[in-house]
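Written below as structure tokens is the structure these notes are about.
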Amino acid sequence: MSQREQWSSKIGFILAAAGSAIGLGAIWKFPYIAGENGGGAFFLIFILFTLLLGLPLLLAEFSIGRTSGSNAVDSYRKIAPGTKWHWVGILGMVTSFILLSFYSVIGGWIVVYLFKAVTGQLNGLSSDQYAEVFGATISNPGISVFVQLLFILMTIIVVAKGIEKGIELASKIMLPALFVLFILLVVRAVTLDGAVEGVTFLLQPDFSKVTSQTILEAMGQSFFTLSVGVSVMVTYSSYLPKTQSLPRSAISIVAMNIFIVLLAGLAIFPAVFAFDLEPGAGPVLLFNVLPTVFSQLPFGMLFFIAFLVLFLFAALTSAFSMLEIIVSVISKGDPGKRTKWSWIIGLAIFVCGIPSALSFGVLGDITLFGKTIFDLADFTVSNVLLPIGSLLIALFVPLKMKKTALYDELKQGSGLKRGLFETWFFLIRFVAPVLILFVMLDVLGVF
């Protein structure tokens with residue numbers, strides 16, 4: 001068998017892993033959920049849970065991946081042979097498959113909006129007209145399926161090229177570009193008249209608006225935005241050399257993720273408040289509200305195009321990781337089989353995602369459990385599969401990995417102090433499972 005691939009550099013791995021984390025969860029989902037839950041208080045609680053829940057889980061997945069040096073299924077087999085724990089990896093594959101099937105639908109919306117913006121089709125429209133354009137776009141079956149296919153094709157092409165020449169190279173270009181574009185947008189947003197109210201909304205916590213639902217939403221968002229719970233980070237860390245510091249890598253990724261979430265809020269809320277729009281507009285915030293904002297600014301459409309480009313970059317870097325976890329298992333780490341399986345699996349995901357793409361139009365009347373096909377897929381992944389996957393990983397590490405071996409693994413390349421290791425071990429063994437169970441019980445309607 002051909003030699004297994006590896007990341008060519010530390011920064012390449014960090015950017016790729018951060019790209020996996022910095023996706024639609026950070027840029028699309030966080031702003032509207034924060035808008036619906038009071039802004040600053042939600043942001044603060046989100047940061048707290050990211051550090052107490054997301055970071056320990058991320059480091060747990062890193063430990064599994066690099067210890068085994070295998071794909072997301074064989075990693076569990078190697079560490080716990082003769083058990084059923086490898087089903088955690090299979091669950092991650094299934095979750096990634098379903099997630100990418102509807103995630104690519106939103107990616108397609110970004111592609112078509114970028115095309116409309118570049119060709120001038122979004123210039124000079126009113127707020128109501130932007131809503132009409134969005135509704136007409138997502139309900140058009142031909143457009144919806146075609147742009148979903150384009151997004152999937154971009155994902156397949158990069159993953160097929162491999163770790164170093166595909167995912168790593170693309171991430172090295174896209175992530176720095178994303179940060180630069182975001183900072184430019186933030187500078188423009190915070191200099192608007194009336195922008196201070198938006199900055200205050202994001203950064204000044206108002207705990208009177210905090211409810212039990214706010215806390216649970218922030219908790220769920222903390223691991224949704226870090227790509228934990230699906231063994232994606234098990235896969236990515238399996239390509240790491242032993243010289244790489246896992247704790248520093250995890251902290252860098254978490255810090256970048258929080259920073260991007262902050263930038264997303266600073267790019268959106270000041271502009272929304274400056275034009276007296278509704279921050280809790282929901283999922284359509286980026287497609288209905290933001291075009292209205294940008295259209296009222298000098299050179300506003302150029303800024304909106306820049307926003308769509310970085311939005312596309314973020315969506316793609318996450319999509320790479322979802323396809324990679326499946327390809328790495330099916331191809332058994334053989335680079336010679338990567339291209340074939342990238343295309344087969346990618347196109348299978350596209351086909352399975354067509355009903356989600358059509359659920360805003362011709363299949364809009366078809367519902368299961370009171371949800372459209374798209375909404376059911378989203379709910380199943382976000383509220384069922386991700387929490388279950390996260391809980392199983394939090395249980396697996398302390399139960400099936402020897403504590404001394406874990407410490408040795410995390411100490412390599414980092415010189416991790418024993419006290420910090422004990423803190424992490426306590427969080428992953430006792431705190432993380434309890435917090436995840438709260439999320440799951442909330443989903444089941446216990447609270």
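All residue numbers in this chain count up from 1 along the given sequence.
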Tell me, with the steps shown, if Asn37 and Ile45 meet side-chain contact (heavy atoms from CB on, under 4.5 Å).
-> CA-CA 11 Å; Asn37 288 277; Ile45 296 168; over 6 Å; no
Phe350 and Phe151: side-chain contact (heavy atoms from CB on, under 4.5 Å), yes or no, with the steps?
-> CA-CA 9 Å; Phe350 161 68; Phe151 183 84; over 6 Å; no
Quick one: do Val88 and Phe396 satisfy side-chain contact (heavy atoms from CB on, under 4.5 Å)? Show the steps, please.
-> CA-CA 9 Å; Val88 178; Phe396 176 81; 5.6 Å; no
Using the side-chain contact (heavy atoms from CB on, under 4.5 Å) rule, take Leu262 and Leu202 through it: C-alpha gap first, then chi angles, then the decisive distance, then the call.
-> CA-CA 8 Å; Leu262 173 64; Leu202 178 66; 4.1 Å; yes
Checking salt bridge (charged side-chain N to carboxylate O under 4.0 Å, His left out) for the pair Lys371/Asp378: CA distance, chi angles, key distance, verdict?
-> CA-CA 10 Å; Lys371 301 179 185 296; Asp378 186 6; over 6 Å; no
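The backbone N or O of Leu416 sits less than 3.5 Å from a side-chain atom of Tyr407, completing a donor-acceptor pair. Using a distance-only test at 3.5 Å, with no hydrogens or angles considered, a donor-acceptor pair links the side chain of Ser321 to the main chain of Ser318. Looking only at distances, a side-chain donor or acceptor of Ser328 sits under 3.5 Å from a matching main-chain atom of Ile325. The closest donor-acceptor contact from the side chain of Ser382 to the backbone of Phe379 lies at 3.5 Å or more, if one exists at all. Without hydrogens or angle criteria, Glu61 side chain to Gly229 main chain gives a donor-acceptor distance under 3.5 Å. Between the side chain of Lys172 and the backbone N or O of Ile11 there is no donor-acceptor pair closer than 3.5 Å. Not one N or O on the side chain of Thr67 forms a donor-acceptor pair closer than 3.5 Å with the backbone of Ile64. Remark: side-chain polar atoms of Thr423 are paired, donor with acceptor, to backbone N or O of Gly419 under 3.5 angstrom.
Within a 6.0 Å sphere centred on CZ of Phe115, heavy atoms belonging to other residues, nucleotides or ligands number 12 at most. For NZ of Lys84, the number of neighbouring non-hydrogen atoms (other residues, nucleotides, ligands) closer than 6.0 Å is 12 at most. Counting heavy-atom neighbours within 6.0 Å of Phe259 CZ, excluding the residue itself, gives a total of 12 or less. No more than 12 heavy-atom neighbours from other residues, nucleotides or ligands sit within 6.0 angstrom of CZ on Phe146. Remark: Lys165 NZ is loosely packed, at most 12 non-hydrogen atoms of other residues, nucleotides or ligands lying under 6.0 Å away.
Inter-residue side-chain proximity for Leu44 and Leu48 is flagged as unmet; no heavy-atom pair is nearer than 4.5 Å. Between Met256 and Ile14, some side-chain heavy-atom pair lies under the 4.5 Å cut-off. Under the 4.5 Å side-chain criterion, counting only non-hydrogen atoms from C-beta, Phe102 is not in contact with Ser359. The side-chain heavy atoms of Phe374 and Ile106, taken from C-beta on, include a pair separated by under 4.5 Å.
Using cut-offs of 30° and 60° on the angle between ring planes, the pair Phe430 and Phe426 is tilted. Note: Trp109 and Phe360 have perpendicular aromatic rings, judged against thresholds of 30 and 60 degrees for the angle between ring planes. Ring geometry for Phe43 versus Phe46: interplanar angle under 30°, hence parallel rather than tilted (30 to 60°).
Scanning both residues, Ala315 and Tyr103, for their nearest heavy atoms gives O-CE2, 3.3 Å.
The six-membered or imidazole ring of Trp7 lies near that of Tyr236, with a centre-to-centre distance under 6.0 Å. Aromatic pair Phe13/Tyr239: centroids not less than 6.0 angstrom apart.
Ser249 and Gln244 share a donor-acceptor pair across their side chains, judged by distance under 3.5 Å alone.
Checked for salt-bridge contact, Glu324 and Arg338 meet the test: a charged N lies under 4.0 Å from a carboxylate O. In summary, Lys161 and Glu168 do not engage in a salt bridge, as defined by a charged side-chain N under 4.0 Å from a carboxylate O.
Each of Ile79, Leu59, Leu406 was compared with Val397 under the side-chain contact (heavy atoms from CB on, under 4.5 Å) criterion, and only Leu406 meets it.
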